[in-house]
Amino acid sequence: MIAWIRGKLIQLNEANAMVQVGSIGYELMLPGYAVMALANKIGEDIELCTMEYYEGTPGGGNLIPRMVGFLNPEEKNFFHKFTSVKGIGIKKGLKSLSIPVETIASAIENGDEKIIMSLPGLGKKMAQLIIAELKGKV
């Protein structure tokens, strides 16, 4: 498993980054807060903590390897906990993390449903479930 990647940020869009390491370009999926943090770093060397997963149906034979990038190990650990909540997969988790992880973790610890509900793709019931399952753990 690739645990981190260091290289030149070549491209960046609303959900992905292309990082060149030597003569290889790696495409990484990113949460929204990371895209904003990297917006002014195109052409510069960056380092991201990574996780890998396979997208698709295991029995279908069409598994696609994907890599996700995070700004630091704490954000990666938070993401693992966040996506452990039933109903939040990798893609939904990435889409919903549009603000800094510290703000989301604080909202969870304080039981602030409004902040959690303001995240893309999360409603009242999901906000309540996230708080119930993660309060005291993030």
### Query
What are the two closest non-hydrogen atoms of Leu30 and Leu94, and how far apart are they?
C-CD2, 3.9 Å

### Query
Other than Ile64, which residues form its hydrophobic cluster under the rule that side-chain heavy atoms must be closer than 4.5 Å?
none

#### Entry: Set of side-chain hydrogen bond (donor to acceptor under 3.5 Å, both in side chains) partners for Asn77, sequence neighbours left out
none

### Task
Among Ile, Leu, Val, Met, Phe, Trp and Tyr joined by side-chain contacts under 4.5 Å, find the other residues sharing a cluster with Met117 and list them by chain and number.
none

### Message
Lys92: which residues meet the side-chain contact (heavy atoms from CB on, under 4.5 Å) condition with it, sequence neighbours left out?
### Response
Leu122, Met126

### Query
Is there a side-chain contact between Val21 and Val19, using heavy atoms and a 4.5 Å cut-off?
yes

### Task
Return the set of residues passing side-chain hydrogen bond (donor to acceptor under 3.5 Å, both in side chains) with Thr103 (not counting sequence neighbours), or none when no residue passes.
none

### Query
Can you list every pair that meets ring pair (Phe, Tyr, Trp, His ring centres under 6.0 Å) and has a residue in residues 72-117, with sequence neighbours left out?
Phe70-Phe79, Phe78-Phe82

### Message
Tell me which pairs pass side-chain hydrogen bond (donor to acceptor under 3.5 Å, both in side chains) where either residue lies in residues 19-36, with sequence neighbours left out.
### Response
Tyr33-Glu75

### Counterpart residues, side-chain contact (heavy atoms from CB on, under 4.5 Å), relative to Pro73 (two or more places apart)
Cys49

### Query
With sequence neighbours left out, which residue pairs that include part of residues 44-53 fulfil the side-chain hydrogen bond (donor to acceptor under 3.5 Å, both in side chains) condition?
Arg6-Glu47, Tyr53-Glu55

### Message
Using the side-chain contact (heavy atoms from CB on, under 4.5 Å) criterion, which residues pair with Ser98? Sequence neighbours excluded.
### Response
Leu119, Pro120

## Note on the structure
Sorted by chain and number, sequence neighbours left out, side-chain contact (heavy atoms from CB on, under 4.5 Å) with Ile42 holds for Leu9, Leu12

## Note on the structure
For residues 107-135, the salt bridge (charged side-chain N to carboxylate O under 4.0 Å, His left out) pairs (sequence neighbours left out) are Glu113-Lys124

